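All remarks here apply to the structure that follows.
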Amino acid sequence: MDATTQNPAKGMQSAGVKYRPYPQVNIPDRTWPTKTISKAPVWCSVDLRDGNQALVDPMGHDRKARMFQLLLDMGFKEIEIGFPSASQTDFDFARWCIEEGNVADDVSLQVLVQCRPELITRTFEALQGANKPIVHFYNSTSELQRRVVFAKDVPGIKQIAVDAAKMITDMASKAGGYRFEYSPESFTGTELEVALEICNAVIDVMKPTADNKLIINLPSTVEMATPNVYADQIEWMCRNLDNRENLIVSLHPHNDRGTGIAAAELGLLAGADRVEGTLFGNGERTGNVDVVTMALNMFTQGVDPEIDCSHIERIKSVFEYSNQMKIGERHPYVGELVYTAFSGSHQDAINKGMKAIKVANHPVWEVPYLPIDPQDVGRSYEAIIRINSQSGKGGIAYILQQDYGLNLPRNLQVEFREDIQRITDEEGKELPSRRIYDRFIERYVTQPEGRIKFVDHHTFADPERKGVRVVAAEIIDNGETKRIEGRGNGPIDGFINALSHYLGIEMSVEDYSEHSLQHGSNAAAISYVETAYPGGKLFGAGISTNIVGASLEAIVSAANRVLDVRAGKN
Ligand SMILES: CC(=O)SCCNC(=O)CCNC(=O)[C@H](O)C(C)(C)COP(=O)(O)OP(=O)(O)OC[C@H]1O[C@@H](n2cnc3c(N)ncnc32)[C@H](O)[C@@H]1OP(=O)(O)O
Ligand SMILES: CC(C)C(=O)C(=O)O
């Protein structure tokens with residue numbers, strides 16, 4: 001009988017029968033919860049090994065070389081370049097890195113090998129001539145693997161590690177200049193006392209010193225518990241490992257429960273010095289820990305992460321080329337949509353936050369809903385706000401301001417939002433910036449269907465009334481040229497009186513604003529005029545190189561909209 005037929009419970013109810021909770025770590029005086037991350041760990045990229053071994057089609061030379069160059073450019077000082085004893089491709093790549101890779105003196109190449117003599121011998125062949133390479137050897141130590149994979153007890157498993165440690169120490173002593181890393185693979189499935197016993201046995205063989213510290217890497221090969229449990233395990237190991245001062249304690253989290261980053265961050269609080277992970281978290285099953293996200297998490301806390309993520313689009317493009325995988329739209333810091341707000345209240349807050357930073361010229365980044373300035377990773381402000389049926393007036397105003405330099409007055413924002421909302425509801429999809437602008441210009445400025453067109457005007461002092469101006473204007477009404485005349489305290493007042501009289505609708509100017517649209521002597525200006533009429537208020541807008549002309553155009557625009565409303569249109 002298999003586990004399913006033994007289990008009478010069905011579906012999710014089978015949980016308590018089929019799975020067991022992960023045991024807690026007995027460390028009541030844990031110190032990590034009150035700590036913070038205040039400096040970058042030593043980073044080691046394992047993209048070319050752990051990432052590579054999880055790909056459908058593992059990388060050939062070109063894909064590896066492109067990824068390798070990126071990792072060097074980002075400033076990684078330790079790079080696991082492969083498993084040279086496992087394949088000729090990996091062996092040749094190691095030789096290429098050493099002979100032609102232009103690796104700086106402060107960068108260590110790292111390679112992985114199992115605790116098997118023939119593989120260790122081949123690994124040393126691959127590393128000949130390398131500058132301070134790291135030989136990373138491992139064997140699996142978990143209770144489950146001891147039982148079902150190796151059929152060995154703890155002393156037997158420890159012996160595998162000790163034998164490999166001896167062989168590696170001997171081989172390295174002949175050549176000199178090597179560094180070492182040992183991993184009790186499947187550490188999170190290993191009883192802590194057993195992991196400690198095996199690591200201490202390896203430490204005893206390798207006798208690390210201050211000049212050549214041993215890296216003890218404690219992988220969550222499979223993530224099995226909440227991240228606080230991993231942190232407890234790391235703190236417990238850091239307290240109990242022999243010769244701790246000559247060790248570099250390293251983390252290598254996977255992401256089976258989706259908390260790989262949290263586990264790595266808490267593991268650093270718990271005393272680890274180093275993190276192995278991959279760009280954007282590629283790796284076995286649900287991935288390795290994502291070092292770009294971790295680094296940028298540090299950055300947004302004011303800590304220099306010591307790897308350069310400022311050109312995230314390049315990192316993404318190399319990732320996608322070398323791994324032949326796509327990055328999701330919501331992936332932290334890099335996804336296409338992560339700097340974009342569609343929802344109205346978020347857009348409003350972002351719009352106000354961006355303005356506040358500009359006005360105050362404040363060096364500290366404080367914009368609601370944006371934990372990082374997109375420009376710090378080489379992204380632009382262009383996509384911050386996009387419009388769909390969830391959007392509000394603030395977002396629409398932001399787009400028109402940011403992309404086209406239009407500063408709509410608040411009441412016009414409210415009015416125009418209703419129009420845009422109608423369109424996005426009808427169409428059920430995003431409205432691109434250009435369509436919003438075109439809609440605005442058509443509705444408020446050009447009005448191809450508008451009954452009245454403004455042509456020209458001139459003003460002169462009323463010979464009969466002191467302080468009063470007469471406005472004489474030419475308009476086109478349904479294709480026919482008309483001359484109208486009105487009086488007022490200035491051209492706007494005089495013109496609206498003339499138009500009111502001509503149309504037989506009592507209109508007045510309720511609100512007026514204008515701004516220039518571009519710099520230079522031929523600068524155009526835009527005017528926004530809110531016009532009151534019996535029954536409500538409506539905006540019009542006008543664009544002209546002449547500011548008075550722009551205002552009169554805006555009044556005609558508002559009048560056309562009043563005529564439309566009276567005619568039962570929109
Ligand atoms: C969690 C991790 O990511 S660990 C890294 C895993 N990465 C890889 O395995 C990718 C590269 N590996 C390979 O290409 C191959 O597995 C090779 C070339 C290393 C070995 O190939 P093979 O020997 O043909 O096959 P295979 O991997 O199945 O060998 C398993 C044997 O190695 C033993 N073994 C596995 N890991 C180790 C280890 N770390 N130390 C010692 N022995 C080990 C197993 O017990 C098994 O022994 P058995 O043959 O007596 O049953
Ligand atoms: C070899 C080890 C470190 C590994 O890749 C893992 O445990 O995930």
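In each ligand, atom 1 is the first atom listed, and ligand 1 is the first ligand listed. Please read all numbers here as calculations on a predicted model, not as lab measurements.
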Measure [X] to ligand 2 on non-hydrogen atoms and call it side chain, backbone, both or neither using the 4.0 Å cut-off.
X: Gln114; value: neither
X: Asn288; value: neither
X: Asp50; value: side chain
X: Glu276; value: neither

Practice task
Run the numbers for me: atoms of ligand 1, each under 4.0 Å from some heavy atom of Glu185, listed by number.
Solution key: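 Answer, ordered by atom number: 1 (C).
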Practice task
State the atoms of ligand 1, each with its element, that fall below the 4.0 Å cut-off from a heavy-atom position in Ala86.
Solution key: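 With Ala86 as reference, the close atoms of ligand 1 come out as 11 (C), 12 (N), 13 (C), 14 (O), 18 (C).
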Handout entry: Enumerated ligand 2 atoms positioned under 4.0 Å from heavy atoms of Pro219
Key =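 In order of numbering, the contacting atoms are 6 (C), 7 (O).
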Practice task
Provide the number and element of each atom of ligand 2 under 4.0 Å from a heavy atom of Glu185.
Solution key: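 Contacts of ligand 2 toward Glu185, numbered from 1: 7 (O).
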[X] N/O under 3.5 Å from ligand 2 N/O:
X: Arg49; answer: yes
X: Tyr138; answer: no
X: His254; answer: yes

Exercise for the section: For ligand 1, note which part of Thr221 has a heavy atom under 4.0 Å away: side chain, backbone, both or neither. Expected result: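 Answer for Thr221: side chain.
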Problem - Nearest neighbour of atom 41 (C) of ligand 1 from the list Gln145, Arg116, Arg122, on a heavy-atom basis - result: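 Residue with the shortest heavy-atom distance to the ligand atom: Arg116.
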Exercise for the section: Check each of Phe150, Phe83, Tyr138, Phe137 against atom 10 (C) of ligand 1 and report the one with the nearest heavy atom. Expected result: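 Among Phe150, Phe83, Tyr138, Phe137, the closest heavy atom to atom 10 (C) of ligand 1 belongs to Phe83.
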Problem - Within-cut-off N or O pair, Glu284 and ligand 1, under 3.5 Å - result: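 No, since none of the N or O atoms of Glu284 sits under 3.5 Å from an N or O of ligand 1.
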Problem - Close N or O approach (Ile160, ligand 1; < 3.5 Å) - result: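 So ligand 1 has no N or O lying under 3.5 Å from an N or O of Ile160.
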Handout entry: Arg66 charged N/C atom sitting above Tyr321 aromatic ring, 6.0 Å / 45°
Key =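 Yes.
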Exercise for the section: Report yes or no: does a heavy atom of Glu284 sit under 4.0 Å from some atom of ligand 2? Expected result: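 Distance cut 4.0 Å: Glu284 fails for ligand 2.
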